[in-house]
Amino acid sequence: MTQPAIIRRVRGHRPRLLDLFCCAGGAAVGYARAGFAVDGCDVADRPNYPFPRHRGDALAYLAHLIKTGEIRRYSFVHASPPCQHGCALTVGTNASQGWGRTHVDLVAPTRELLDATGLPYVIEQPNGRAKIRKDLTLCGEMFGLGVIRHRNFEAGGWTVPQPAHVPHRGRVRGYRHGQFYDGPYVAAYGNGGGKPSIPELQAAMGIDWTDVREELTEAIPPAYTDHIGRAALTQLAPALGVAA
């Protein structure tokens, strides 16, 4: 049986969270709204990321933090390893058409290092074949957003409640097999095919600090991690030394 993670008290008013594979900060902003101080790490240059960040390989950086003991300044870790290996588009449409390329599955090595930190954590992945426990599944309709964007989360060292799924109000707007369908949601991926404008995508996702389409289409809506962060702080507050 997996032992509960050790929750470390940190100095300062806000417990510090490490955001791995951070992209432009969709997850980070949600955690900050919930009450965490956030540091990011991404191998790509992400000047739109709104918090302190380290540029480099996320797993190498995490291994370094563990080895040096610097991981002790953190209370929680969020990781969104690249999802192309197991996402529904890669294993479905793209595979059937012979499109795309081979992708590396980083979920297992990410989990191994996260377990070594002794900290509570979350691993995020889209729907598909990614090998994570689906301890939590969130959808944009749960938060009144203009995207569906189902995302699954594995919670390590703590438990997170699953809210009830809210029925979708209609289709995702755009072309399907040459036919245009209207609907209350926009498609937060790719280009063409009736995809939303940048302002539409920003409004639908609840993101206003980047106008880079690639960053917007890869982001988690901040509402998701605001929900997760508040649940974590409520559950872990006594150990973190913060008010629930």
Side-chain angles (χ1 to χ4, degrees), residues 2 5-12 14-87 102-126 130-133 151-158 207 209-210 212 214-220 222 224-225 228-229 232-233 236 240:
T2 302
I6 299 171
I7 314 304
R8 296 188 174 94
R9 185 187 301 271
V10 295
R11 293 182 180 181
R14 295 162 69 91
R16 187 160 293 277
L17 180 145
L18 178 61
D19 177 22
L20 298 172
F21 310 96
C22 66
C23 195
V29 168
Y31 284 120
R33 291 173 181 169
F36 285 95
V38 182
D39 295 335
C41 178
D42 199 282
V43 71
D45 187 23
R46 298 294 183 182
N48 292 320
Y49 190 77
F51 305 108
R53 60 188 169 88
H54 170 83
R55 184 177 180 184
D57 180 271
L59 297 187
Y61 184 57
L62 180 57
H64 167 77
L65 293 176
I66 294 169
K67 182 177 180 180
T68 62
E70 295 175 73
I71 193 66
R72 288 193 294 270
R73 68 174 178 257
Y74 294 102
S75 296
F76 196 93
V77 186
H78 174 99
S80 293
C83 62
Q84 291 89 344
H85 172 81
C87 79
T102 301
H103 298 282
V104 177
D105 181 3
L106 294 181
V107 171
T110 297
R111 182 188 295 109
E112 182 177 0
L113 282 173
L114 290 173
D115 284 336
T117 68
L119 298 175
Y121 63 80
V122 160
I123 302 174
E124 174 270 332
Q125 290 284 280
K131 295 180 181 178
I132 67 168
R133 293 192 317 273
R151 286 297 181 269
N152 301 309
F153 301 86
E154 177 177 321
W158 69 298
I207 293 175
W209 62 90
T210 179
V212 178
E214 177 252 348
E215 293 181 343
L216 288 164
T217 57
E218 289 189 3
I220 303 170
Y224 291 15
T225 46
I228 294 170
L233 287 174
L236 308 175
L240 293 173

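Every value quoted in this text rests on a predicted model; they were computed, and no experiment measured them.
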(message) Using a 3.5 Å distance criterion without hydrogens, assess whether the side chain of W209 forms a donor-acceptor pair with backbone atoms of A24.
(response) yes
(request) Verify the neighbour count for atom CD of E112: are there more than 12 heavy atoms of other residues, nucleotides or ligands below 6.0 Å? (result) no
(request) Take L114 and L62 through the test side chain to side chain contact (heavy atoms under 4.5 Å, CB included) and record every step on the way to the result. (result) CA-CA 8 Å; L114 290 173; L62 180 57; 3.9 Å; yes
(message) Within the structure provided, determine whether R53 and D45 are in side-chain contact (heavy-atom separation under 4.5 Å).
(response) yes
(request) Kindly give the heavy-atom pair with the smallest separation between P126 and N152, and that separation in Å. (result) O-ND2, 3.6 Å
(request) Could you pull out the closest heavy-atom pair between V38 and P52, with the gap in Å? (result) O-CD, 3.6 Å
(message) Test your reading of the model: is there a side-chain donor-acceptor pair from Q125 to the backbone of P81, 3.5 Å cut-off?
(response) yes
(message) For a 4.5 angstrom cut-off between non-hydrogen side-chain atoms, does I228 reach F153?
(response) yes
(request) Could you tell me whether the side chain of H54 reaches within less than 4.5 Å of the side chain of D39, counting heavy atoms only? (result) no
(request) Nearest 0.5 Å please: distance from the OH atom of Y49 over to the CD atom of E215. (result) 12.0 Å
(message) Ignoring hydrogens, what is the shortest heavy-atom contact between G35 and P15? Give both atom names and the distance.
(response) O-CD, 3.8 Å
(request) Check C41 against A58 and note the closest heavy-atom contact, atom names and distance. (result) SG-CA, 3.7 Å
(message) Quick check for you: to the nearest 0.5 Å, what is the distance between L113 atom CG and I66 atom CD1?
(response) 5.0 Å
(request) Quick one: closest heavy-atom pair of L106 and P82, and the distance? (result) CD1-CD, 3.6 Å
(request) I would like to know whether D42 and Y61 meet side chain to side chain contact (heavy atoms under 4.5 Å, CB included); could you show each step before the answer? (result) CA-CA 10 Å; D42 199 282; Y61 184 57; over 6 Å; no
(message) With rounding to the nearest 0.5 angstrom, report the CZ to CZ distance, R16 to F76.
(response) 15.5 Å
(message) Nearest 0.5 angstrom please: I132 CD1 to R111 CZ, how far?
(response) 8.0 Å
(request) Look up atom CD in E218 and atom CG in L216, then write down how far apart they are to the nearest 0.5 Å. (result) 10.0 Å
(request) Side-chain contact test, heavy atoms from C-beta onward, threshold under 4.5 Å: evaluate it for L18 versus I71 and give yes or no. (result) yes
(message) With heavy-atom distances below 4.5 Å as the criterion, would you say the side chains of D19 and F51 are in contact?
(response) no
(message) Out of the candidates Y121, Y224, F36, Y31, only one should pair with H78 under the ring-ring contact (aromatic ring centres under 6.0 Å, His included) rule; please name it.
(response) Y31
(request) Could you tell me which non-hydrogen atom of I207 sits nearest to which non-hydrogen atom of P222, and how far apart they are? (result) CG1-CD, 3.7 Å
(message) Would you compute the distance between atom CD1 of I220 and atom CD of E124 and round it to the nearest 0.5 angstrom?
(response) 3.5 Å
